[in-house]
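Here is the structure we will look at.
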Amino acid sequence: MSAGTGVARPRPPLAPPGERGALRIADRVVAKIAAQAAREVLPPLPADAAAPHATVVVHHRAARIRVHLELGYPCDIGAHCAAVRRQVAERVRALVDMEVPEVAVEVERLHPAPAADAVHGRAG
């Protein structure tokens, strides 16, 4: 409405989508999403294990992601890495609408499972 007249003025038409501006999502935001996605598919880790973290390079709406993680051992390392790759790519695509041409998974440390005798309180 215009001041004092009580008459509504028509709104000017919106600019075409390509001319309205752009939304830039910071690399660190994509990295946090990737790390959280990795945590979602990993089994529980020992208390001394570091949480997964990610590094990201975004270029022209495409995110190249490197996830750093630790795993309990023995385990199927390949299956865990594949699950992390799938989940990270899916979550980043869904939440920030970016292409994800690469998700590299780096296993930085393996945490051996306690020996069966130690779990049951027996010493060998």
Side-chain angles (χ1 to χ4, degrees):
M1 286 196 236
S2 56
T5 65
V7 178
R9 283 193 225 171
R11 290 185 132 185
L14 289 175
E19 296 176 16
R20 288 185 211 159
L23 173 67
R24 181 177 178 328
I25 298 171
D27 295 5
R28 71 180 185 278
V29 172
V30 179
K32 285 185 179 197
I33 292 168
Q36 177 59 40
R39 282 191 289 278
E40 292 170 0
V41 296
L42 289 174
L45 296 173
D48 64 335
H53 64 280
T55 55
V56 174
V57 175
V58 176
H59 187 66
H60 296 295
R61 307 274 317 142
R64 295 190 184 282
I65 302 169
R66 180 172 294 274
V67 179
H68 308 266
L69 53 87
E70 299 182 8
L71 294 172
Y73 187 80
C75 69
D76 186 342
I77 296 169
H80 287 303
C81 291
V84 166
R85 271 193 226 70
R86 276 190 306 274
Q87 181 74 356
V88 167
E90 178 182 304
R91 298 289 282 162
V92 169
R93 280 186 200 111
L95 294 175
V96 296
D97 191 30
M98 285 186 182
E99 289 302 312
V100 184
E102 177 183 348
V103 177
V105 178
E106 186 172 318
V107 178
E108 294 184 337
R109 184 173 172 201
L110 295 173
H111 294 269
D117 288 343
V119 170
H120 298 291
R122 292 179 271 184

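Here the structure is a predicted model, which is why all the values come from computation and not from measurement. Just the heavy atoms: all of them, side chains too, but no hydrogens, waters or symmetry mates, feed the values below. One is the number of the first residue; the rest follow in order along the sequence.
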Heavy-atom pair of closest approach, residues Ala35 and Pro52: CB-O, 3.6 Å
Euclidean distance, Arg109 CZ relative to Asp48 CG, rounded to 0.5 Å: 5.0 Å
Heavy atoms of other groups near Arg93 CZ, more than 12 under 6.0 Å: yes
Student check: side-chain heavy atoms of Leu69 and Val107 closer than 4.5 Å: yes
Val57 reachable from Val30 in the ILVMFWY side-chain graph, under 4.5 Å edges: no
Separation between CD of Gln36 and CD of Gln87, rounded to the nearest 0.5 Å: 9.5 Å
Distance-minimising heavy-atom pair for Cys75 and His80: SG-CD2, 3.6 Å
Shared hydrophobic cluster, Val41 / Val100 (ILVMFWY, side-chain heavy atoms < 4.5 Å): yes
Where Asp97 and Arg61 come nearest, the two heavy atoms and their spacing: O-NH2, 2.6 Å
side-chain contact (heavy atoms from CB on, under 4.5 Å) between Val92 and Val103, worked out: CA-CA 11 Å; Val92 169; Val103 177; over 6 Å; no
Pairs where residues 77-92 contributes a residue and the test salt bridge (Lys or Arg N to Asp or Glu O under 4.0 Å) is met, not counting sequence neighbours: Glu40-Arg91
From Leu71 atom CG to Leu45 atom CG, the distance as rounded to the nearest 0.5 Å: 7.0 Å
Atom pair NE2/CD of His53 and Glu70 - distance to nearest 0.5 Å: 9.0 Å
Student check: side-chain heavy atoms of Leu110 and Ile77 closer than 4.5 Å: yes
Closest non-hydrogen atom pair, His111 against Pro46: CB-CG, 3.6 Å
Minimum-distance pair of heavy atoms, taken over all atoms of Ala63 and Val56: CB-CG1, 4.2 Å
Single-linkage hydrophobic cluster Ile25~Val58, side-chain heavy atoms < 4.5 angstrom: yes
